[in-house]
**Student:** 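Take this structure first; my questions come after.
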Amino acid sequence: DARVTQTPRDKVTEMGQEVTMRCQPILGHNTVFWYRQTMMQGLELLAYFRNRAPLDDSGMPKDRFSAEMPDATLATLKIQPSEPRDSAVYFCASGLGKGLAGGNTGELFFGEGSRLTVL
Amino acid sequence: GDSVTQMEGPVTLSEEAFLTINCTYTATGYPSLFWYVQYPGEGLQLLLKATKADDKGSNKGFEATYRKETTSFHLEKGSVQVSDSAVYFCALRSNTGFQKLVFGTGTRLLVSP
């Protein structure tokens, strides 16, 4: 049963520490999204990759956040240094994007999320 | 830019009641529209979708019709169950540009026995 896998599921850390979250997209999917969910802001798009290339990271605080795809089976989201306001659930999602000519189903498959608490 | 507006929750209903969750959108062109559901402690799952005007998406007793004239995609179910308690997200995907999904803020549904 194909699914998006995220690690860690829960992370508690202290302010100033580096946090790295990892995501394994579904095999064959070529789009990867990072979302952050909080009670106050809802779902916020942080970064979006297609074929491992970053297409949109306008929602991500550049001074402390970075997102990469070292290869097609791994996406990472790093926060350095972390702050209490970064406390949230971070979701990774993957899908199939065939480009403007081919279209795509639009369906995203979400992981179970990484709950981050920064003290 | 593209945006989605959902009714605020929580929506509280008794079992077997009729459900409507309103969703309107702003987008250029002809976006595809989606409803996702999030159960407690889980990620979002696709519930239904519609890709062009007048299409009706349906799944698990839920329905939504793509209304271009009113830019709406309201979610309905004729008889809710306790197991439907979750957060429901309306979303759109533009068919131009980067085609990213834009979500609404979510509406929490609470169904009591």
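All chains are named by letter (A, B, ...) in the order of the sequence lines, taking the proteins before the strands, and each is independently numbered beginning at 1.
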**Student:** Which bit of B:Gln38 is near chain A, if near means a heavy-atom gap under 4.5 Å: side chain, backbone, both or neither?
**Tutor:**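 B:Gln38 touches chain A through side-chain heavy atoms alone.
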**Student:** Measure the CZ-CD distance between A:Phe109 and B:Gln45 for me, rounded to the nearest 0.5 Å.
**Tutor:**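 Reported value, rounded in 0.5 Å steps: 10.5 Å.
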**Student:** Does B:Lys56, at its NZ atom, have more than 12 non-hydrogen atoms belonging to other residues, nucleotides or ligands within less than 6.0 Å?
**Tutor:**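 No.
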**Student:** Does a sphere of radius 6.0 Å around CD in B:Glu16 hold more than 12 heavy atoms from other residues, nucleotides or ligands, not counting ones at 6.0 Å or beyond?
**Tutor:**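 No - once you tally the heavy atoms of other residues, nucleotides and ligands closer than 6.0 Å, there are 12 at most.
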**Student:** Could you have a look at B:Gly104, B:Ala91, B:Gly106, B:Gly43 and say which one has the most heavy-atom pairs with chain A under 4.5 angstrom?
**Tutor:**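 Of the options given, most contacts go to B:Gly43.
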**Student:** Tell me whether the count of non-hydrogen atoms from other residues, nucleotides or ligands lying under 6.0 Å of CD in A:Glu83 goes above 12.
**Tutor:**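 More than 12 within 6.0 Å, yes.
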**Student:** Shortest non-hydrogen contact from B:Leu101 to A:Phe33?
**Tutor:**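 Scanning both residues completely, I find the closest heavy atoms to be N-CE2, 4.1 Å.
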**Student:** Can you find a heavy atom in the side chain of B:Thr105 that is under 4.5 Å from one in the side chain of A:Leu43?
**Tutor:**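 With C-beta onward as the side chain, the pair stays apart.
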**Student:** So which part of A:Tyr35 gets closer than 4.5 Å to some heavy atom of chain B, the side chain, the backbone, both or neither?
**Tutor:**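 Interface part for A:Tyr35: side chain.
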**Student:** Could you tell me whether A:Leu119 atom CG has more than 12 heavy atoms of other residues or ligands within 6.0 Å of it?
**Tutor:**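 Yes, enclosed.
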**Student:** Identify whether B:Leu47 and B:Val80 are in the same connected component of the hydrophobic contact network (ILVMFWY, side-chain heavy atoms under 4.5 Å).
**Tutor:**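 Yes, B:Leu47 and B:Val80 fall within the same hydrophobic cluster.
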**Student:** For B:Tyr30, look at atom OH and say whether over 12 heavy atoms of other residues, nucleotides or ligands are found less than 6.0 Å away.
**Tutor:**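 Not more than 12 within 6.0 Å, no.
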**Student:** Donor-acceptor pair, distance only, cut-off 3.5 Å: does the side chain of B:Tyr36 make one with the backbone of A:Glu107?
**Tutor:**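 Not at all, since once roles are kept as given, no pair shorter than 3.5 Å links the two residues.
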**Student:** Measure A:Arg9 against the heavy atoms of chain B and call it side chain, backbone, both or neither at under 4.5 Å.
**Tutor:**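 Contact with chain B involves the side chain of A:Arg9 alone.
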**Student:** So, for A:Gln37 and B:Phe89, which heavy atoms are closest and what is the spacing to 0.1 Å?
**Tutor:**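 Answer, listing the atom of A:Gln37 first, then B:Phe89: NE2-CZ, 3.4 Å.
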